[in-house]
Amino acid sequence: MSHPQSASVAERREAIRAHAATLGIDEAYISTLVETFYGRVRADAVLGPVFENAIGDHWPEHLARMKDFWASVTLNAGRYSGRPVPAHKKHASIRPEHFSTWLALFEQTLVDTAPTAVAVPYFMERAHRIARSLQLALFGLPGLEAETRA
């Protein structure tokens with residue numbers, strides 16, 4: 001006999017996956033997105049050096065972790081168990097302006113590769129939320145430090 005809480009979690013997970021499937025989002029697409037996007041990141045004049053410095057020779061592990069991350073974010077796969085804030089805090093070369101470059105490159109990759117037009121805003125809503133969260137954790141609120149000193 002299944003626990004009622006487990007059934008609702010399983011039902012919710014299935015509903016999220018079914019909705020994503022109607023948008024053309026599945027594990028195969030997530031793999032394509034991650035591989036294409038990070039290929040572009042590595043070639044980008046601004047982001048490339050930041051990521052190379054942070055990841056070095058560990059690209060296969062990073063790509064696998066990012067596939068798990070995006071599957072968890074978009075399909076509720078539950079495979080990502082990392083801690084993004086500490087992972088990003090240890091890289092002093094990350095600057096606030098990198099986030100807008102990252103988001104623009106991510107969106108262009110989606111436009112170029114997404115299986116359906118509606119998949120683009122589905123991913124971008126989540127990407128913007130993640131970027132805002134990381135920026136807040138890494139850099140705080142703009143102007144907050146000045147306000148607290150006044």
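Because the structure is predicted, anything quoted here is derived from the model rather than measured.
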- Which is it for Ile94 and Phe99 under the side chain to side chain contact (heavy atoms under 4.5 Å, CB included) test, yes or no, and what are the steps along the way? CA-CA 9 Å; Ile94 298 173; Phe99 287 89; 4.0 Å; yes
- Message: Evaluate Thr109 against Tyr38 for side chain to side chain contact (heavy atoms under 4.5 Å, CB included), listing each step before the verdict.
- Response: CA-CA 10 Å; Thr109 304; Tyr38 283 102; over 6 Å; no
- Kindly indicate, with the supporting measurements, whether the criterion side chain to side chain contact (heavy atoms under 4.5 Å, CB included) is fulfilled by Trp59 and Glu52. CA-CA 9 Å; Trp59 278 99; Glu52 288 299 330; 3.3 Å; yes
- Query: Passes side chain to side chain contact (heavy atoms under 4.5 Å, CB included), Thr113 versus Tyr29? Steps please.
  - Reply: CA-CA 8 Å; Thr113 65; Tyr29 174 66; 2.8 Å; yes
- Task: Take Arg129 and Glu125 through the test salt bridge (charged side-chain N to carboxylate O under 4.0 Å, His left out) and record every step on the way to the result.
- Result: CA-CA 6 Å; Arg129 192 169 45 235; Glu125 175 187 335; 3.4 Å; yes
- Message: Using salt bridge (charged side-chain N to carboxylate O under 4.0 Å, His left out), reason through Glu27 and Arg17 one step at a time and then give a plain yes or no.
- Response: CA-CA 10 Å; Glu27 298 278 349; Arg17 288 182 181 162; over 6 Å; no
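Atom CD1 of Ile16 and atom CD1 of Ile25 lie 12.0 Å apart (nearest 0.5 Å). Summarising the geometry, atom CG belonging to Leu63 is positioned 7.5 Å from atom CD1 belonging to Ile55; distances are rounded to the nearest 0.5 Å. Rounded to the nearest 0.5 Å, atoms CG (Leu110) and CG (Leu103) are 10.5 Å apart. Rounding to the nearest 0.5 angstrom, the gap separating the CZ atom in Arg65 from the CD atom in Glu61 is 7.5 Å. Interatomic distance, OG of Ser8 versus CZ of Arg13, reported as 11.5 Å (0.5 Å rounding). With rounding to the nearest 0.5 Å, the separation of CG in Leu138 from OG in Ser133 is 9.0 Å.
Here the closest non-hydrogen pair linking Ala20 and Leu75 is CB-CD2, 3.4 Å. Nearest heavy-atom pair across Val120 and Ala114 is CG2-CB, 3.9 Å. Taking all atoms of both residues into account, the shortest heavy-atom contact from Asp44 to Pro49 is O-CD, 3.7 Å. Of all heavy-atom pairs spanning Thr74 and Tyr122, the tightest one is O-OH, 2.8 Å.
The backbone N or O of Ala77 lies less than 3.5 Å from no partner atom in the side chain of Ser72, so there is not a single donor-acceptor pair. Not a single donor-acceptor pair under 3.5 Å links the side chain of Ser31 to the backbone N or O of Ala28. Thr22 contributes a side-chain N or O that, together with a main-chain N or O of His19, makes up a donor-acceptor pair within less than 3.5 Å.
In this structure the side chain of Phe106 never reaches within 4.5 angstrom of the side chain of Ile130, judged on heavy atoms. At least one side-chain heavy atom of Phe123 sits under 4.5 Å from a side-chain heavy atom of Leu33.
A distance below 6.0 Å separates the ring centres of Trp102 and Phe37.
Partner of Glu35 under the salt bridge (Lys or Arg N to Asp or Glu O under 4.0 Å) criterion, chosen from Arg42, Arg40, Lys67: Lys67.
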